[in-house]
Amino acid sequence: MISAKLIDLLKQAKHLVILTGAGVSAESGIPTFRDALTGLWENYDASQLACEEGFLADPALVWGWYEWRRHRVLNAQPNPAHTTIAKLAKRIPKLTLITQNVDDLHERAGSGDVLHLHGSLNHPRCIKCGAPYQHLEATPVGCESRIDPPNCSVCNGLVRPGVVWFGERLPAEQWDLSKEACKTCELMMIVGTSGMVWPAAELPYLAERLDVPIIQINPTDTSFNIIAKFNLCGKAGEILPKLYEEAFSDL
Ligand code: OAD
């Protein structure tokens, strides 16, 4: 049951911030990180696969794993959560979409100007000079495939995945824009994130401190339950279309 107060807030909001996490892509068949049994960090070792030391210790293991993930995303389609967020942007005067996801499913659903806090599977770069690398293979690979990373055409350094690893800074511009949006919005929605990774998890607190109402959409409890004025328990691909329908179907 979606409260009338929430529908009203959504209809009146002049600036909505949406922060998404892996849960928004779950219904597209992309695994989350921390869900029991299916989460990537339940089945793979983050200390090997999600930090620079791990990459330098075994580049072929790490490059092969990210290529597997990239191909999974290539073969996935945006789900109703992604498409509803893109539709909301047409109804609300200003919508800032911030994602922790490294897939491009928001963009493929029609969202523009997505702030990617954790980088992208599609933007690898040289580990030494930072030059972008563009010639990614089209051939699908398995999760255990060992593939040597390519070498940079500028300095011959190793090419690394374009995602933010543990211990690394978030892209400064995207982070600053995200903070600013959370401090100036009228309403914030948190969709499909466990809130366990900082500094991204700080964003809802910035908004809440300024009395911005927070809406959370997630099938399970998270640390954001305490600050969320509205906790909508369930799948994003089911709840978001219902919200949209109730708020905007009569317009
Ligand atoms: P997590 O795997 O930590 O959390 C996913 C959240 O999505 C959980 O709270 C689930 O309950 C929820 N969820 C699952 N299915 C859902 C559905 N259908 N609809 C809505 N919610 C659903 O993923 P993140 O919070 O995104 O970092 O993880 C944050 C970061 O940790 C990731 O960006 C990644 C990882 O290490 C990098 O890749 C740099």
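Each ligand, and each atom within it, is numbered from 1 in the order the structure gives.
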What part of [X], side chain from CB on, backbone N/CA/C/O, both or neither, has a heavy atom under 4.0 Å from ligand 1?
X      : result
Thr193 : both
Ala26  : side chain
Gln100 : both
Trp41  : side chain

Using distance alone, determine whether [X] and ligand 1 share an N or O pair under 3.5 Å.
X      : answer
Glu27  : yes
Asn101 : no
Gly237 : no

Proximal atoms of ligand 1 relative to [X] (non-hydrogen, under 4.0 Å):
X      : value
Phe166 : 36 (O)
Ala236 : 17 (C), 19 (N), 20 (C)
Thr220 : 9 (O), 11 (O)
Val164 : 39 (C)
Gly21  : 26 (O)
Thr32  : 2 (O)

Item to check | Nearest-contact summary for atom 11 (O) of ligand 1 - protein heavy atom, Å | outcome: Asn218 OD1, 2.7 Å
Item to check | For atom 30 (C) of ligand 1, closest protein heavy-atom neighbour | outcome: Val197 CG2, 3.6 Å
Checklist entry - Taking the non-hydrogen atoms of Gly39, is any one of them nearer than 4.0 angstrom to ligand 1? => result no
Checklist entry - Salt bridge between Asp58 and Arg146, side-chain N to carboxylate O under 4.0 Å? => result yes
Item to check | Within 6.0 angstrom of Lys179 NZ, more than 12 heavy atoms from elsewhere | outcome: yes
Item to check | Check: His82/Ser111 side-chain N/O donor and acceptor closer than 3.5 Å | outcome: no
Checklist entry - Just by distance, with hydrogens left out, do His106 and Ser25 show a side-chain donor and acceptor under 3.5 Å apart? => result no
Checklist entry - Going by the angle between their ring planes, with limits at 30° and 60°, are Trp63 and Tyr133 parallel, tilted or perpendicular? => result perpendicular
